[in-house]
Amino acid sequence: MKSSQLIALLFVGMALTIALTFHLFKSETDEINSLAQTIQIAQKVKYLDTKLNEDALKAASFKLVHFDSLVKTVQSLTLARTQLNQFVTDIPDKTRPALGEQIHNLILETDYRIELIEQLKSKVALARNSSNYLLSSLRARTNLLSTEIRDLSIRTLNDLQGYQIFPTPQRLQSAQDILARLKEIVAISSTGKAVENLLRHMDVSFAAAQDISMIQTELLQKNSQQTIDQLITTLQTVQMSRSNTTNGYLFLLLIVAMMIFMALAYAVLKWHQASEKSHKNAQLFEDAASSMSEGFAFFGPDDKLIFWNATFERLYKALGERLKRGMSLEEFRAAQKETEHLVQREAQPDGSYLDLTKSGQWILSSNTPMSHGGRALVRVDLTEQKRTQNQLQLAATVFQTASEAMMVTNDNNIIEMVNPAFSQITGYTEDEVIGKTPQILSSGRHDEAYYRQMFEELQTSGTWQGEIWNRRKNGEIYPEWLSITTIHDDDGGMVKRVSLFTDITSRKKSEERIHYQANYDSLTDLPNRNLFRDRLTQSLNLAKRNDQRVALFFLDIDNFKHINDTLGHIIGDELLRHVADRLRSLFRNSDTIARLSGDEFIIIINEANTDTGVKLLLDRVLECLSLPYVLDGNTTYTSVSVGATFYPDDATTVDSLLQNADAAMFKAKDLGRNTYCFFTPEMNSRAQERHDMEVALHKAMEKGHFVLHYQPIIDPQTQTVKTTESLVRWECPERGLVSPGKFIPVAEDTGLIVPMGEWILRQACFDAAQWVHEDGLDIGVSVNLSSRQFQRSDIVKIVADTLAQTGLPAEKLTLEITESLLVDDDSDVLNVLRRLRDLGVHLSIDDFGTGYSSLSYLKRFPISTLKIDRSFINDVLNDPEDAALTQAILSMAQSLGLKVVAEGVETQGQNDFLKERNCDLIQGFFYSKPLPRDQLMEKIYSQELRI
Amino acid sequence: MLTHKVRVFLMAGGLFLGAAMPVHGQNLSDTPSLHVDEPIRPIPLSHEVDAKKVALGDRLFHETLLSGDNTVSCATCHIIDNYGVDNQKVSAGIEGKSGTVNSPTVMNSRFNFAQFWDGRAANLQEQAKGPVTNPIEMGAVWEDVITKLQGEPEYAQAFSDLYEDDITPDTITDAIQHYEYTLNTVNSPFDQYLRGNDDAISDQQKRGYSLFKEFGCVACHQGINVGGNMYQRMGAFIPYFNKENTNSKDDLGRYNVTKNERDLHVFKVPSLRVAAHTAPYFHDGSVATLEEAINIMARYQLGHDITLQENKDIQAFIQSLSGAYIKAAE
């Protein structure tokens with residue numbers, strides 16, 4: 001064989017070997033890819049597993065209107081399960097039973113959880129149906145049921161709903177106890193088929209609620225997170241060791257190359273021996289060898305250096321001139337040792353060495369003796385490979401396991417590579433996005449200008465960072481924090497862009513939470529005043545554009561204060577939540593229900609174009625909110641008063657609409673509660689009047705426009721003045737003398753009554769002290785106390801201080817209170833009254849007979865005087881009933897040892913009637929109208945009135 | 001197989017076959033529907049199809065060679081122009097043998113979460129294998145079917161064009177599955193209503209829908225297919241089956257699949273999409289009219305006794321769920 005043919009053959013051999021090795025390497029890589037895919041699937045299972053729990057929770061709390069989304073999750077999980085199963089059957093290495101077992105376990109767990117989900121769906125449907133039935137039948141058939149059965153049913157339903165939300169054994173027990181009682185009652189009473197059906201629905205509800213709770217617990221406990229995490233770790237370990245095996249193949253490739261070089265060395269030796277044979281062939285070889293990237297040198301049988309190529313020379317640059325033809329192997333080794341300081345040397349199985357030099361170079365060297373004498377030195381510089389390999393390994397690990405999504409695009413903006421986190425966040429698998437542009441992620445939330453700005457920034461600075469809304473495969477839009485970096489080539493041209501992003505939905509959610517707190521009422525989850533104003537503004541704008549009507553309902557709970565005071569704030573709060581829930585069930589999502597404050601709710605109804613529709617809605621509101629409430633096991637009844645107004649009929653601005661609705665609500669309260677009232681302009685003028693009055697009252701207080709008048713109270717037997725009642729008069733410069741009937745209610749509503757009352761008390765005591773001490777008159781004074789004064793101030797201290805400051809003897813002061821203060825039977829009120837009595841002042845009941853005229857409670861209170869209301873006295877001569885009542889009051893008061901004052905006596909006849917029946921004291925125009933202090937004194941001195 | 005994919009757009013009141021891009025904003029499926037919070041979702045107006053596989057599946061669906069004696073095809077019992085059913089109590093298989101359960105419709109079956117009354121097949125491909133070898137349905141042996149199909153040059157050609165594996169039980173049923181994917185009834189009056197056309201259904205149908213929700217029917221019959229996405233016991237509220245009327249193994253329902261007593265008499269909740277046209281009703285076809293079926297459901301599933309008027313209103317609503325099947329063209 002000719003030498004040239006030999007060389008050609010060797011080259012072919014080399015090429016074949018490399019191809020073969022590459023193929024081996026390739027199949028290895030495929031396997032690593034399949035491992036990577038499996039990791040991706042496992043991560044998907046992990047995500048779906050969590051999603052399944054979320055969906056199940058939503059389903060169990062009736063938040064899913066249909067099951068399609070849940071079915072989708074299950075189907076994705078089933079698909080992933082099948083793919084995992086496929087991997088187990090395809091698993092090439094049976095020596096990893098742990099992996100197979102882990103996947104098998106995961107599949108079993110997943111199947112079990114899917115089975116649980118199927119059960120859950122059936123049970124949720126049953127529970128939902130029965131809950132629905134119970135609610136609607138309790139609403140609709142209330143008349144068919146006895147109160148007791150209805151109350152117990154409502155309590156059962158309430159407890160049941162509580163249990164559905166928080167399934168604790170206590171709640172269940174409580175609900176079951178009530179149900180048992182209900183069943184006992186039904187068993188002994190003759191009830192119809194409706195009740196039987198009701199009970200059956202309750203049983204079904206109970207069974208389903210218990211089943212749901214059990215399934216949910218099971219689902220949460222048997223979640224696959226641990227199994228999946230274990231599996232992912234195992235898969236990653238396997239992947240790592242596979243990559244190491246791949247490195248092994250890389251070495252194999254080099255070994256083969258070295259063998260070929262040795263064959264070449266043999267050829268060189270041959271030519272050297274027959275030195276003159278073919279200069280041309282030698283030249284050919286030298287050219288080939290020079291261009292090799294491997295270093296190659298050959299020492300002849302006499303151990304003298306015959307040949308080395310350019311790469312070899314470069315590797316041993318440090319040897320300089322010493323590397324020359326004829327250099328002995330001995331000399332070479334010594335020089336090598338001197339110049340190249342080894343840090344590490346790894347012996348390879350084939351007898352070669354992998355050296356790490358001090359300068360950081362990795363060199364694979366073999367010094368192989370040839371069979372015909374001589375030695376071939378092959379040096380392969382692996383520094384670059386080693387570094388790349390390390391970097392690649394690191395990069396690959398980071399890429400595969402990072403929780404940030406990564407996406408690499410080329411200069412045409414085509415996606416080339418994505419990592420598992422990308423798939424997890426976006427929902428797209430690698431196959432679905434590679435070859436596409438990132439536009440498939442676009443949410444449509446940003447306009448063209450936004451992207452143009454991003455692109456410009458990328459062009460100029462090469463990077464971009466910011467928050468962006470993208471769309472997942474399932475259509476869901478989510479926020480991400482995205483940073484894009486451009487990778488340039490050596491000439492500065494763009495090669496690739498790397499995008500790194502994280503899903504910031506949860507961070508966004510907490511931001512939204514903050515927004516929520518600023519705009520929603522935490523007790524009821526309804527919009528607050530703030531958001532209400534926004535929404536109403538929006539609604540008005542929209543209505544204006546579309547020429548539509550908006551209705552506004554102002555709703556106030558009747559007797560809420562009473563419920564709060566008697567049952568406590570916790571129950572009061574619970575009532576507010578119930579009211580909010582019922583309101584939510586009544587209105588459309590497009591309407592806004594807000595809680596303004598306390599027990600005030602407001603509702604915006606868009607497109608309220610027909611009056612009939614609005615009236616029907618109002619009827620439903622009243623009906624639904626007056627159904628009994630079961631609060632902490634007790635049935636409570638309440639109702640609401642609603643004021644309604646319309647845009648644009650009644651007003652066009654937020655504030656005036658709100659005022660209108662408020663005024664209409666007050667009118668509804670006036671009409672007797674549990675009713676609604678539409679706004680009319682008269683209300684507006686009344687409201688305006690009240691407002692003006694309020695302003696004027698404040699001014700009057702400041703300027704001292706109030707004066708006190710005193711009406712004498714006479715003993716009819718002796719015709720002498722015993723005491724007086726102080727009455728406030730307002731001399732308004734603009735209005736003249738204003739009737740107390742007009743301004744007292746306004747003062748009561750605004751709270752102005754408290755300072756006004758204090759002023760009256762002080763002035764009356766001052767005047768009385770004067771006539772007692774300076775004029776020597778034995779005349780007392782009585783002062784009216786508003787119930788607001790009892791609530792708002794320490795009335796006992798104020799009375800005591802006033803008496804001390806003015807010097808009026810306590811027994812000369814009578815405080816007049818109204819019946820309503822006593823009706824509540826409040827121990828606090830009783831306490832205050834006792835302490836007032838202990839000061840020595842008298843207490844009298846004003847307007848007696850108009851309220852809950854029960855003499856029995858008078859015994860419990862330290863009262864000394866009753867004042868019979870003028871309405872009885874008016875007709876006492878004409879109406880036998882009034883006469884009888886007056887007679888009754890008089891005799892009962894006498895038997896209780898109470899004095900009686902008759903008010904409003906205007907005629908001789910009335911006076912005589914009362915005098916005959918031993919009425920203690922008489923007050924009225926018959927004797928005198930209320931007079932300023934000085935005029936009263938004058939009358940007394942002129943003997944018109946006697947004392 | 002990226003080729004042959006076309007996208008079919010079916011428009012309101014007509015048919016529009018076009019290329020893959022939603023041009024001129026004509027794609028109705030992108031229009032936001034006004035009734036989004038409803039428990040029923042409209043069937044999409046467009047879907048991707050692999051036209052060649054669909055054509056092959058169409059032929060196979062109507063192919064009597066798939067049966068043992070070359071007399072019965074899928075279409076014998078699932079008559080495409082008759083809402084995918086034969087309106088028989090139970091269907092007749094080869095040699096006049098009677099089936100044991102009522103043939104459900106093939107219409108909209110892609111939206112079912114599982115196939116068969118007891119849900120024993122996870123998808124349509126798996127389902128399609130069932131009747132072919134069932135001795136009382138098509139009564140065939142796969143090897144014979146394959147041999148017969150190979151004998152037809154057109155089939156041989158079509159399979160080798162489309163599938164690497166040529167003719168196998170898997171490729172046959174895959175093609176049938178592709179065809180069945182196109183059997184959807186779209187743009188029903190109720191779907192139009194869901195998409196925002198309030199006038200698409202009558203007042204009676206609206207009343208019926210209200211009752212459907214109020215009585216709780218919708219707790220099971222919900223989602224895109226108005227059913228077909230969950231299991232429920234027949235007699236969930238009051239037991240429906242007793243010793244006397246439990247006649248066959250089929251009455252045991254899903255128990256036959258899971259062997260778990262919990263699943264006794266549990267069936268897949270059927271879709272109501274074309275229920276107005278698929279009498280008789282229930283797994284055994286024992287109930288002849290929709291009215292009767294609604295009464296039984298109300299009583300045994302929901303614990304309601306409903307009035308005739310209410311029943312009629314619900315029937316009217318169910319009528320509104322049926323859309324038109326429009327054959328996909330290449």
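Lettering follows sequence order; numbering is per chain, from 1.
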J.: Taking the six-membered ring of B:Y255 as reference, does the NZ or CZ atom of B:K259 fall below 6.0 Å from its centre and within a 45° cone about the axis?
T.: yes
J.: Are B:Y240 and B:H265 close enough that their ring centers fall under 6.0 Å?
T.: no
J.: Under 4.5 Å, counting heavy-atom pairs only, tell me which of A:D68, A:L126, A:V71 racks up the most with chain B.
T.: A:D68
J.: Side chain, backbone, both or neither: which part of B:D263 has a heavy atom under 4.5 Å from chain A?
T.: side chain
J.: Is it the case that the ring center of A:Y133 lies less than 6.0 angstrom away from the ring center of B:F215?
T.: no
J.: Could you have a look at B:A219, B:A122, B:G303 and say which one has the most heavy-atom pairs with chain A under 4.5 angstrom?
T.: B:G303
J.: Is B:N123 in contact with chain A via its backbone, its side chain, both, or neither, using a 4.5 Å heavy-atom distance?
T.: neither
J.: Centroid-to-centroid, B:F237 to A:H201, below 6.0 Å?
T.: yes
J.: Quick one: do A:E623 and A:R620 satisfy salt bridge (Lys or Arg N to Asp or Glu O under 4.0 Å)? Show the steps, please.
T.: CA-CA 5 Å; A:E623 189 197 323; A:R620 272 173 60 203; over 6 Å; no
J.: Is it the backbone or the side chain of A:S130 that comes under 4.5 Å from a heavy atom of chain B, or both, or neither?
T.: side chain
